[in-house]
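Report on the structure given below.
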Amino acid sequence: MKLSVASGKGGTGKTLVTVSLFNIIRKKMNVILSDIDVECPDAGLFIKEKEPHMWKPVFAELPVVNEARCTLCGTCVEKCNYKAIGIIGNKVVLFKELCKSCLRCLDNCPTEAITTIADETGIISEYKVGNHLFIEGLLKSGDIRTAYLIKKVKKYAESKENDLIIYDCPPGTTCPMVNAVAATDYCIVVAEDSPFGYSDFLLTIEVLNEMKISFGVIINKSRGAASLTESYCVKHNIHILTKIPYSKEIHDIYSEAGDLLSIKEVNSAMNEVAQFIEKEILCLK
């Protein structure tokens, strides 16, 4: 079972949700928490008892042009979606900082003048948390191959024995988020109770509907009265899993990477969601 936790914007509370669910559910089954917000992973800050177990670099294929075989036909330049390759004078030049290792240039080169070399793009770290695993991906500084690393971290996590994997996904609705939620069985959308949060919530569920991924919603920083998000969910029969109230106490404890489940409102809300996952979602597998 693969569970993703996503949102349209940063700061909605995805990490609060993923870490809390991990700490509740791991008491009952073999669960892996995987932080695939690889540009800025922070779930590990809240898991004090983690013990480093393994880390390994992740390599992507970087194109290399064999000038002896190259005819300067320009096919590679035409096929590259990222403007990462160009012809300057009588030479093909690769702009490494723009390359996403899609290898369309290699696949379309009519003279087979392009080969590849291994290029480090990030690392995967594995930690032991009692009998469970916490797996984190970290993109190399300055690298743009976010989606590539996310796929590698997911593949690694799914190779480990588990009953459930919880993915802490990157914010937004672009390629990193799409690759993070892809092929997951259920997505928890964390929506911030604000006009900005509502706007990004609509983008998020549009993506999930397009990808045909089932989802439910947690409304975080709720101010009590029915919000735009809550009204929309009720109108469109979208399952609201729970609401977490706006609270300075939550803010203070979160800012110090404290025990989130020590907060009554968080504990109650996350246990409610955990029970839903155990009774309604895991039984589908």
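More than 12 non-hydrogen atoms from other residues, nucleotides or ligands lie less than 6.0 angstrom from NZ of Lys221. Residue Asn131 qualifies as open at atom CG: its count of foreign heavy atoms under 6.0 Å is 12 or below. Heavy-atom neighbours of Asn81 CG from other residues, nucleotides or ligands within 6.0 Å: above the threshold of 12.
The main-chain N or O of Val273 is never found under 3.5 Å from a side-chain atom of Thr242 such that the two would form a donor-acceptor pair. Not a single donor-acceptor pair under 3.5 Å links the side chain of Lys83 to the backbone N or O of Leu98. Remark: the backbone N or O of Phe59 is not paired with any side-chain donor or acceptor of Lys152 at under 3.5 angstrom. One N or O on the side chain of Ser255 and one on the backbone of Asp252 form a donor-acceptor pair closer than 3.5 Å. Put simply, the side chain of Tyr167 never gets that close to the backbone of Asp37: no donor and acceptor are under 3.5 Å apart. Looking at Lys50, its side chain does come within 3.5 Å of a backbone N or O of Gly44 through a donor-acceptor pair. The backbone N or O of Asp259 lies less than 3.5 Å from a partner atom in the side chain of Ser262, making a donor-acceptor pair.
For the residue pair Asn220/Thr12, the side-chain donor-acceptor check at 3.5 Å is not satisfied. A donor-acceptor pair shorter than 3.5 Å cannot be found between the side chains of Ser247 and Glu249.
Using a 4.0 Å cut-off between a side-chain N of Lys or Arg and a carboxylate O of Asp or Glu, Lys96 and Asp119 qualify as a salt bridge. With salt bridges taken as basic N to acidic carboxylate O contacts below 4.0 Å, none links Glu51 and Lys128. The pair Asp193-Lys243 fails the salt-bridge criterion, with no side-chain N (NZ, NE, NH1 or NH2) lying under 4.0 Å from an Asp/Glu carboxylate O.
Between Lys154 atom NZ and Ser4 atom OG the span is 7.5 Å, to the nearest 0.5 Å. Here CG of Leu241 is found 9.5 Å from SG of Cys233. Values are rounded to the nearest 0.5 Å. A distance of 5.0 Å separates OH in Tyr254 from CG in Asp42, rounded to the nearest 0.5 Å. The distance from the NZ atom of Lys160 to the NE2 atom of His132 is 15.5 Å, given to the nearest 0.5 Å. In this structure, Ile218 CD1 and Lys14 NZ are separated by 12.0 Å, a value rounded to the nearest 0.5 Å. Within the model, atoms SG of Cys169 and CD1 of Ile150 stand 8.0 Å from one another, a figure rounded to the nearest 0.5 Å.
Contact detail for Ile205 and Phe215: the closest heavy-atom pair is CG2-CE1, 3.5 Å. Heavy atoms only, all atoms of each residue included: Glu278 and Ile25 are closest at OE2-CG1, 4.1 Å. Minimum interatomic distance between Glu192 and Thr229 (heavy atoms only, all atoms of both residues): O-OG1, 4.4 Å. Among all heavy-atom pairs drawn from Leu3 and Ile277, the shortest one is CD2-CD1, 3.6 Å. Contact between Pro245 and Ile250 at its shortest, heavy atoms only, is O-CD1, 3.7 Å. Between Ile135 and Ala157 the shortest heavy-atom distance is CD1-CA, 3.8 Å.
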CA sep, side-chain torsions, deciding dist, call: Val31, Lys28, side-chain contact (heavy atoms from CB on, under 4.5 Å) = CA-CA 9 Å; Val31 58; Lys28 302 177 182 179; over 6 Å; no
For Ile144 and Lys100, run side-chain contact (heavy atoms from CB on, under 4.5 Å): C-alpha distance rounded to whole Å, both residues' side-chain angles, the deciding distance at 0.1 Å, then the answer.
-> CA-CA 7 Å; Ile144 65 169; Lys100 292 201 174 184; 3.8 Å; yes
Val19/Leu33 under side-chain contact (heavy atoms from CB on, under 4.5 Å): CA gap, chis, key distance, verdict | CA-CA 8 Å; Val19 172; Leu33 173 59; 4.2 Å; yes
Give the intermediate values and the outcome of side-chain contact (heavy atoms from CB on, under 4.5 Å) for residues Met1 and Tyr186.
-> CA-CA 9 Å; Met1 173 72 189; Tyr186 191 83; 4.0 Å; yes
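Linking ILVMFWY side-chain heavy atoms closer than 4.5 Å, directly or via other members, places Tyr156 and Ile166 in two distinct hydrophobic clusters. In the hydrophobic clustering of this structure, Val153 does not group with Met177; members are Ile, Leu, Val, Met, Phe, Trp, Tyr whose side-chain heavy atoms approach within less than 4.5 Å, directly or through other members.
No side-chain heavy atom of Tyr127 sits under 4.5 Å from any side-chain heavy atom of Ile47.
Between Phe276 and His239, the ring planes are perpendicular. Angles over 60° get that label, and only those under 30° would be called parallel.
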